[in-house]
Structure formats: structure tokens, C-alpha cells
Amino acid sequence: MLAGQLGNNGTLTGVDIARHRLAACRTMLQKYGLGNSCRLFVADGTCFDLLPITQRTGSKDIMPSTNETVSEVFGEWCSRKTRRQKKREGRLQKEGDKIELLFYGNGSGVVGLTKNQLLANCSMLQRNHSADHYDKVLVDAECTHDGSLKHICKYEQWGWETLERRLLDPERMASITKLQLQLLTNGFRLLKTGGTLVYSTCSLTYDQNEGVLDKFLNLHYNAELVEITECNRAGWPCEDGKLPHTLRFNPSRSRTSGLFIAKIHKCQ
Ligand SMILES: C[S@@+](CC[C@H](N)C(=O)[O-])C[C@H]1O[C@@H](n2cnc3c(N)ncnc32)[C@H](O)[C@@H]1O
């Protein structure tokens with residue numbers, strides 16, 4: 001599916017704050033031979049601001065910094081690293097850096113750039129050239145996982161009071177919905193005009209889904225919920241959410257892990 005979406009020229013950028021989650025993702029990309037045009041960053045999705053690398057933001061437009069040397073150019077990524085490579089990567093990844101490049105394929109646009117060149121396109125985001133933003137963004141947000149029966153079963157071992165603390169505590173709920181709104185807002189900022197964003201969670205609570213979207217839509221006049229046409233075409237086993245065009249997968253009726261999805265179009 002990913003390969004089909006990327007076609008010949010597309011690239012994919014993955015972001016997660018947890019290194020181990022991205023490392024698992026890297027393993028999957030490599031297992032299915034999909035890594036060539038992908039790059040993965042350990043970073044905070046609420047403020048991540050690297051644009052995709054395109055012809056326009058490639059090495060022609062980004063000036064190398066004068067104190068960078070040829071040895072600081074990203075070479076071909078490989079899992080087994082020599083001591084020299086590790087040392088070089090240590091130099092590239094300085095203490096306190098907020099963004100760590102965990103993986104990049106040969107066709108991801110990273111090879112041949114220096115780190116400064118790679119990071120330079122953040123400033124372009126500020127200048128708001130919408131055409132250079134992402135065509136599609138998926139915000140698969142952190143949530144309480146209450147729709148996932150497999151996850152709920154883990155509380156047999158963890159203790160049901162842990163479920164109460166994690167799921168029913170108002171402070172925890174407020175902080176998670178705040179995080180979801182921030183992830184959604186930043187994902188939308190990175191999206192080009194005319195592009196689409198999918199917001200999903202594996203929670204079935206109103207607050208983490210329609211509640212977050214409601215707040216988001218009130219703040220973004222240029223965001224519009226749109227129909228997920230694949231649903232009718234493929235006969236997905238889901239039900240309507242409480243906002244137009246949103247979908248809910250009830251675990252018992254759909255025989256899937258519980259899921260909420262919404263598709264948002266970025267208008268002019
Ligand atoms: C539902 S999971 C996404 C799973 C992912 N789509 C996958 O298939 O592996 C939510 C993810 O959000 C990540 N996360 C939590 N807070 C974050 C933040 N501030 N920035 C980026 N990622 C964050 C968590 O580490 C977790 O992996």
C-alpha cells in the first residue's frame with residue numbers, strides 16, 4: 001500500500017518521540033523493501049518542522065554552511081556501522097539536538113546533504129511556501145488505546161486500578177487531548193493547501209476523537225472534514241462518528257481493533 005502511494009517520485013517522512021517505536025518501523029520498512037524513499041526522525045510531533053525534500057528544497061537551494069566539511073555529508077545509510085561512521089554520526093548528532101535522523105533510504109533525498117542543509121528547510125516553513133509542504137499527513141495520535149481489546153486485556157496483569165488511573169483520571173485525559181490537538185495542529189501546518197490529513201486513534205472516547213476535531217475545526221477555518229470514499233467502496237465494517245464523515249470501528253461488530261478515523265482537507 002505504501003509503495004503504491006509513493007509511486008516513482010514520492011518520499012515518506014516518519015516522526016515519533018519514542019526511539020524504539022521508530023526502530024520497529026525501520027525494521028518493517030526494511031523487511032518489506034520499502035525503505036528507499038523513506039526517512040525516520042525521532043522528534044516531537046507537536047513542533048516538528050522539516051519539510052519534504054523536493055527538487056526545489058534540494059541541494060541547489062540550500063546553501064551549505066561554511067564550517068561544514070565533505071565528511072559531514074550524509075552517505076549511504078547502513079545498519080552495520082564502522083567506528084568511523086559512528087564517530088561521524090556522533091558529530092552530526094550533537095548533545096541536546098531535538099531531532100535525530102534514525103533512518104534514511106537512498107532515494108529519500110537525504111544522501112548528499114549536510115545536516116545543516118537538511119535542517120535549513122525549517123525556515124522555509126516559516127515563510128509558508130505551501131507548495132513545498134506535504135501532500136498527505138497521517139496523525140496516528142497517542143491515545144488511551146481503550147478501543148483495542150488486546151490492550152485492555154493487559155490490565156489483567158497491570159491491575160484494573162491502572163486502567164482507572166490512565167483512562168478515567170481527568171488530569172490525564174486533559175493532557176492527552178491537549179497533546180492530540182497539538183499533534184493535529186502541527187500536522188495540518190505541515191500539509192500543503194489542497195492536501196489531505198488523516199487523524200486516527202485507537203480510542204473510542206468522544207473527547208479524544210470528535211472532541212479534539214471540534215476544537216481543531218473551530219480554530220482552522222481552512223480545514224474541512226471530507227468523506228472517506230473507500231469506506232463505501234470497500235464496504236468497511238464501521239459506523240458513522242458523531243461528526244460528519246468521521247468513522248468508528250467498534251471492535252465487537254467490526255472484528256477489528258477499535259479505531260476512529262477522520263479525513264481533513266486543507267482548503268485555500
Ligand atoms: C498510536 S501510536 C502510533 C503508532 C504508529 N502509527 C505505528 O504504526 O507504529 C502513537 C505514537 O505517538 C507517539 N507519540 C507520543 N507523543 C508524541 C509526540 N509528542 N511527538 C511524536 N510522537 C509522539 C508514541 O510514541 C506512539 O508511538
Side-chain angles (χ1 to χ4, degrees), residues 2-3 5-127 129 131-138 186-187 189-192:
L2 265 184
Q5 289 285 320
L6 292 173
N8 292 333
N9 304 318
T11 63
L12 180 145
T13 300
V15 181
D16 199 297
I17 207 160
R19 200 173 200 282
H20 71 279
R21 296 296 300 254
L22 269 191
C25 179
R26 178 179 63 193
T27 307
M28 298 295 275
L29 287 178
Q30 290 176 302
K31 180 174 171 190
Y32 293 105
L34 281 170
N36 187 40
S37 41
C38 304
R39 53 185 193 154
L40 301 176
F41 291 97
V42 181
D44 185 348
T46 64
C47 54
F48 182 80
D49 55 7
L50 289 189
L51 291 175
I53 298 174
T54 63
Q55 293 290 339
R56 292 173 60 190
T57 55
S59 46
K60 262 197 271 167
D61 285 0
I62 302 171
M63 296 306 289
S65 132
T66 45
N67 57 6
E68 285 180 308
T69 65
V70 177
S71 71
E72 282 165 337
V73 167
F74 287 102
E76 189 179 338
W77 188 91
C78 62
S79 54
R80 292 217 179 124
K81 298 195 170 82
T82 60
R83 274 180 60 194
R84 204 165 145 209
Q85 276 171 317
K86 281 188 191 155
K87 217 168 140 191
R88 190 180 68 87
E89 282 186 10
R91 270 205 315 273
L92 291 173
Q93 186 62 48
K94 299 196 186 79
E95 253 333 280
D97 274 2
K98 292 209 176 78
I99 295 180
E100 179 191 353
L101 184 57
L102 191 77
F103 169 78
Y104 54 94
N106 263 341
S108 64
V110 172
V111 175
L113 295 183
T114 65
K115 190 174 178 195
N116 281 345
Q117 286 174 317
L118 182 66
L119 299 183
N121 63 5
C122 312
S123 53
M124 294 190 186
L125 184 69
Q126 315 300 331
R127 281 192 257 137
H129 290 166
D132 291 329
H133 291 40
Y134 292 88
D135 295 314
K136 291 178 180 157
V137 173
L138 167 64
N186 197 43
R189 187 174 72 109
L190 292 161
L191 184 69
K192 67 168 58 162

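Just so it is clear, the model here is predicted, and its values are computed rather than measured. In what follows, every heavy atom counts, from backbone to side chain, and hydrogens, waters and symmetry copies are set aside.
Summarising the geometry of Thr114 relative to Phe74, their closest heavy-atom pair is C-CE1, 4.0 Å, with the distance given to 0.1 Å. Here the closest heavy-atom approach between residue Gly107 and residue Thr11 is recorded as O-CG2, 3.8 Å. The two residues Tyr134 and Leu51 have their closest heavy-atom pair at OH-C, 3.5 Å.
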Give the C-alpha distance, both sets of side-chain angles, the deciding distance and a yes or no for side-chain contact (heavy atoms from CB on, under 4.5 Å) between Leu119 and Leu50. CA-CA 7 Å; Leu119 299 183; Leu50 289 189; 4.0 Å; yes

Salt bridge (charged side-chain N to carboxylate O under 4.0 Å, His left out) between Lys192 and Asp135, worked out: CA-CA 6 Å; Lys192 67 168 58 162; Asp135 295 314; 2.6 Å; yes

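Between the SG atom of Cys38 and the CG atom of Asn106 there is a distance of 12.0 Å, given to the nearest 0.5 Å. Here the CG-CD1 distance, from Asp49 to Ile99, works out to 6.0 Å after rounding to the nearest 0.5 Å. We find the OG-CG distance between Ser37 and Leu29 to be 9.0 Å, quoted to the nearest 0.5 Å.
In this structure, the side chain of Asp16 does not engage the main chain of Leu22 through any donor-acceptor pair within 3.5 Å. Not a single donor-acceptor pair under 3.5 Å links the side chain of Asp132 to the backbone N or O of Pro52.
Side-chain contact between Leu6 and Leu12 is present, with heavy atoms from C-beta onward closer than 4.5 Å. Looking at heavy atoms from C-beta onward, Leu102 lies out of side-chain contact with Arg39 at the 4.5 angstrom threshold. By the 4.5 Å heavy-atom criterion applied to side chains, Val110 and Leu118 are counted as neighbours. Counting heavy atoms from C-beta outward, Arg189 and His133 have side chains that stay 4.5 Å or more apart. In this structure, the side chains of Val111 and Tyr104 come closer than 4.5 Å at one or more pairs of heavy atoms. In this structure, Cys25 and Leu40 have side chains that are in contact, with non-hydrogen atoms separated by less than 4.5 Å.
Using cut-offs of 30° and 60° on the angle between ring planes, the pair Trp77 and Phe103 is perpendicular.
Side-chain atoms of Asp44 and Thr46 form a donor-acceptor pair, as typed in the model, at a separation below 3.5 Å.
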